[in-house]
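All remarks here apply to the structure that follows.
Here is the naming used below: chain letters follow the sequence lines, and residue numbers restart at 1 for every chain.
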There are 2 protein chains.
Amino acid sequence: MTNIKKVSELAGVSTATVSRTLKSPEQVTEATRDKVMQAVKQAGYRPNWLASSVKSGKSNSIVVLVPNLTNPFFLRIIGGIEQAAQEKGYSVLLGDTQGDSKRENEYAGMVLSNRADGLIQLDHSFPFAPQDAELADNVPMVSVCERIEGERKYPVIELDNYAASRALAHHLVGYGHQKFAAIVGQISSQIYRERLAGIRSVLQEENLPLPDEMLVGGSYTIEAGIDGVRQLLKQPVRPTAIFCFNDDIAIGAIHEIKKHGLRVPQDISVVGFDNIKVSAFIDPPLTTVDQPAYDMGRRAFEVLSVLMRGESLTRIREILPFQLVERQSSGPAR
Amino acid sequence: MTNIKKVSELAGVSTATVSRTLKSPEQVTEATRDKVMQAVKQAGYRPNWLASSVKSGKSNSIVVLVPNLTNPFFLRIIGGIEQAAQEKGYSVLLGDTQGDSKRENEYAGMVLSNRADGLIQLDHSFPFAPQDAELADNVPMVSVCERIEGERKYPVIELDNYAASRALAHHLVGYGHQKFAAIVGQISSQIYRERLAGIRSVLQEENLPLPDEMLVGGSYTIEAGIDGVRQLLKQPVRPTAIFCFNDDIAIGAIHEIKKHGLRVPQDISVVGFDNIKVSAFIDPPLTTVDQPAYDMGRRAFEVLSVLMRGESLTRIREILPFQLVERQSSGPAR
DNA sequence: ATTTTAAATGTAATCGATTACAGTCTGACT
DNA sequence: AGTCAGACTGTAATCGATTACATTTAAAAT
């Protein structure tokens with residue numbers, strides 16, 4: 001390893017001068033600067049990042065906790081985080097938790113041991129182990145989409161899930177639908193409650209029912225969509241419109257509906273949530289709510305960045321705009 | 001920050017003893033161990049990871065360079081890398097390069113400055129800046145899927161793209177197709193050459209043509225699939241079977257073919273490559289080649305791990321098995 | 001009881017870079 | 001010429017943990 005000492009010897013100066021030449025060149029004469037730079041080049045020297053970091057006490061890294069790496073929606077968020085982080089000289093440590101709290105604990109612990117300076121949580125759980133909770137008190141942490149559970153309020157970048165669900169519900173009610181069903185995501189989450197509440201509020205206003213047996217599902221996967229439709233089609237009354245709590249579910253649902261010889265949207269309308277890329281290209285193209293995932297990621301980093309600087313926030317909840325994207329998977333009720 | 005010194009004072013021992021208690025408890029009496037552990041708990045102490053790392057000279061991190069984070073295929077690879085890395089106490093620094101060489105250089109530079117111990121490249125370019133090339137000579141580096149360009153041979157985990165393409169070609173030839181087209185991916189890559197060569201070899205054996213005007217595309221995206229089909233359908237002769245160089249392209253292609261009022265596979269058969277999750281659930285489900293992406297990722301880390309230990313490899317090229325997945329997007333030629 | 005040996009603990013050097021402080025040098029000003 | 005300010009550069013402390021080596025302590029052997 002070529003270290004600063006070797007370079008200083010090569011250039012015939014002290015290590016301090018080498019360090020200054022690289023970090024604040026204006027403090028150094030042109031002559032010595034040249035000497036040093038040449039020695040640096042000759043030795044192929046790169047400052048040891050670990051060493052600088054111990055000194056500064058900052059790792060310039062953040063951890064991102066993802067419940068499921070294969071979800072393209074999360075990917076867009078991560079892309080946004082990554083981009084924003086890069087611009088500010090931060091790097092991103094990826095933690096695929098698979099919803100497993102042990103792994104969450106482990107990754108979250110990185111912030112406690114100075115391996116990272118802050119944390120972005122894409123899931124809704126408080127990621128630290130119970131015994132670390134106190135320590136974690138002044139850890140910069142931000143969540144995206146979901147709100148972190150617990151008494152302590154952490155900043156969150158989210159969508160108005162209630163309003164977005166209302167928009168979807170209005171859209172379907174506008175088509176004259178009366179028999180609704182929903183294939184929901186993870187039940188323990190805030191998102192689940194808000195989206196369901198949004199749908200319910202519209203249906204109540206219109207005096208339309210959403211009976212319990214029309215609520216199925218439990219995870220944000222294609223398989224959940226398939227299973228969900230199977231269950232729904234076993235019921236005596238067939239729904240004419242299905243709310244899917246994300247696009248993956250909707251993709252599974254549409255697939256299964258067609259498999260039963262029914263048509264989308266003529267027999268059953270399907271709407272999703274997220275607007276992942278592929279949703280525009282399936283058959284029929286999916287009506288869904290667009291979330292500005294990339295921007296949410298960017299914004300999450302920016303907010304985290306403020307916290308990491310030790311400043312405080314004016315707003316703890318940031319709500320980004322959604323957009324209803326009407327495509328061909330929804331249509332008039334028969 | 002609570003550091004080791006504070007803990008040592010609290011426990012009434014030296015810092016050395018604290019360090020030993022945590023790293024090799026068997027070297028310490030039970031009595032002192034208890035004292036120390038209690039002090040650790042009381043102070044809420046966590047060893048500063050940065051400090052340990054400077055000392056050991058190892059960061060226990062690796063960088064993964066991804067050309068495009070939104071490609072679900074890469075995601076599965078990353079999932080595998082991540083899992084394997086976690087098991088060995090490594091963390092993964094994610095570098096979304098967008099194919100931009102400046103960003104590649106920047107991320108690759110992390111290994112040179114001890115921010116990471118090794119590198120996995122999912123793209124085909126040599127990721128270091130030209131001036132760093134010499135330094136990079138003894139950097140542990142592995143590529144997945146693509147082979148890294150340049151004279152120096154780096155280990156690679158890949159598929160037998162030639163054989164897999166031949167399998168696809170045989171599949172379509174077996175259905176009696178005679179008029180072929182291909183929507184290819186990035187032309188500069190090794191993969192492009194191998195897949196094309198595989199297809200060509202089978203067609204030549206069968207005396208079937210693959211004229212230049214039937215080769216379109218140039219990137220691995222849904223849009224490339226759409227554009228590709230548009231171009232192909234402008235030609236005087238319509239192909240009856242299209243090779244798409246990945247599933248995203250195929251999804252775009254199928255979408256566009258249907259838009260023109262043609263049926264898949266009755267009018268045109270379409271085959272993809274990768275077997276991403278959604279491919280099984282589009283309409284019609286896609287015939288494709290399954291790559292064991294997750295295992296490729298795992299294996300890549302394992303190989304990198306060997307290099308990082310300074311050991312040498314017996315095999316520099318590792319070829320994982322593919323599987324032809326026949327679904328309904330391909331069928332008999334009319 | 002004394003010597004030998006091993007185990008436990010402490011002291012201080014170390015990793016590589018940064019930076020407060022001290023020292024040196026140049027040139028300007030009187 | 002002598003003094004002083006200001007610009008450069010060097011010395012050494014520092015970040016927090018680890019560990020070679022030295023020292024102390026306890027147990028075992030004679």
Side-chain angles (χ1 to χ4, degrees), chain A residues 1-40 43-61 89 109-117 135, chain B residues 1-40 43-61 89 109-117 135:
Chain A
M1 203 58 214
T2 63
N3 51 20
I4 200 170
K5 193 140 168 252
K6 216 169 279 174
V7 175
S8 73
E9 284 162 8
L10 243 167
V13 298
S14 72
T15 62
T17 301
V18 175
S19 180
R20 278 190 284 253
T21 308
L22 295 170
K23 303 267 294 188
S24 37
E26 72 284 357
Q27 286 183 34
V28 160
T29 329
E30 202 178 326
T32 40
R33 200 158 54 207
D34 290 349
K35 261 193 306 187
V36 172
M37 290 314 279
Q38 197 190 328
V40 164
Y45 172 68
R46 286 269 196 146
N48 184 318
W49 172 83
L50 287 167
S52 336
S53 295
V54 217
K55 196 77 217 299
S56 68
K58 295 273 153 228
S59 69
N60 284 297
S61 307
M110 288 179 164
V111 191
L112 301 176
S113 52
N114 281 41
R115 191 160 182 170
D117 302 334
L135 279 177
Chain B
M1 203 56 216
T2 64
N3 51 19
I4 200 169
K5 191 137 168 254
K6 217 168 279 173
V7 175
S8 73
E9 283 162 7
L10 243 168
V13 297
S14 72
T15 61
T17 303
V18 175
S19 180
R20 278 189 285 253
T21 309
L22 295 169
K23 302 267 294 187
S24 37
E26 73 284 357
Q27 286 182 34
V28 160
T29 328
E30 201 179 326
T32 41
R33 201 158 55 206
D34 290 350
K35 262 194 306 188
V36 172
M37 290 313 280
Q38 197 190 327
V40 164
Y45 171 69
R46 286 268 197 147
N48 184 317
W49 172 82
L50 287 166
S52 335
S53 294
V54 216
K55 195 76 219 298
S56 68
K58 295 273 153 228
S59 68
N60 285 298
S61 307
M110 289 179 165
V111 190
L112 300 176
S113 52
N114 281 41
R115 190 161 183 169
D117 302 333
L135 280 177

Side-chain N or O of T29(A) closer than 4.0 Å to phosphate OP1/OP2 of dT9(D):
yes

Given dT18(C), is OP1 or OP2 found less than 4.0 Å from the side-chain N or O atoms of K23(A)?
yes

Separation of Q27(B) atom CD from dT19(D) atom P, in whole Å?
10 Å

Taking only the side-chain heavy atoms of Y45(B) (C-beta and beyond), determine which of dA17(D), dG10(D), dT18(C) contains the nearest atom.
dA17(D)

Would you mind classifying the nucleic acid contact of V28(B) as base, sugar-phosphate or nothing, using non-hydrogen atoms under 4.0 angstrom?
sugar-phosphate

Measuring to OP1 and OP2 of dT9(C), would you say a side-chain N or O of T32(B) lies under 4.0 angstrom away?
yes

Does N48(B) put a side-chain nitrogen or oxygen below 4.0 Å from OP1 or OP2 of dG16(D)?
no

Output the rounded distance in Å from NZ (K55(A)) to P (dT14(D)).
10 Å

A16(A) backbone acceptor or donor facing S19(A) side chain under 3.5 Å:
no

Spacing between R20(A) atom CZ and dA17(C) atom P, to the nearest angstrom
15 Å

So, is S14(A) close to the dT11(D) phosphate, meaning a side-chain N or O under 4.0 Å from OP1 or OP2?
no

Any S52(B) side-chain nitrogen or oxygen under 4.0 Å from OP1 or OP2 of dA17(D):
no

Rounded distance in Å - CG (N114(B)) to C1' (dG16(C))
9 Å

Hey, does the side chain of N3(A) reach the backbone of K6(A) with a donor-acceptor pair shorter than 3.5 angstrom?
yes

Would a distance-only check, ignoring hydrogens and angles, find a side-chain to backbone donor-acceptor pair under 3.5 Å from R20(B) to V28(B)?
no

Where the side chain of V13(A) is concerned, which of dA17(C), dG10(D), dT19(D) is the nearest nucleotide?
dG10(D)

From CG of N3(B) across to C1' of dT18(D) the rounded distance in Å is 14 Å

Taking atom types as they are modelled, would you say the side chain of R46(B) forms a donor-acceptor pair with the base of dG16(D) within the 3.5 Å cutoff?
no

Does N114(A) reach the main-chain N or O of W49(B) with its side chain, forming a donor-acceptor pair under 3.5 Å?
no

Atom-pair distance (CD on E30(A); P on dT9(D)), nearest Å
12 Å

Please tell me which of the listed nucleotides, dT9(D), dG16(D), dA17(C), lies nearest to the side chain of A51(A)?
dA17(C)

Could you tell me how far apart I4(A) (CD1) and dG10(D) (P) are, to the nearest whole angstrom?
12 Å

Could you give the NZ-to-C1' distance, from K6(B) to dC15(D), as a whole number of Å?
13 Å

Distance check, rounded to the nearest 0.5 Å: I4(A) atom CD1 versus T15(A) atom OG1?
5.5 Å

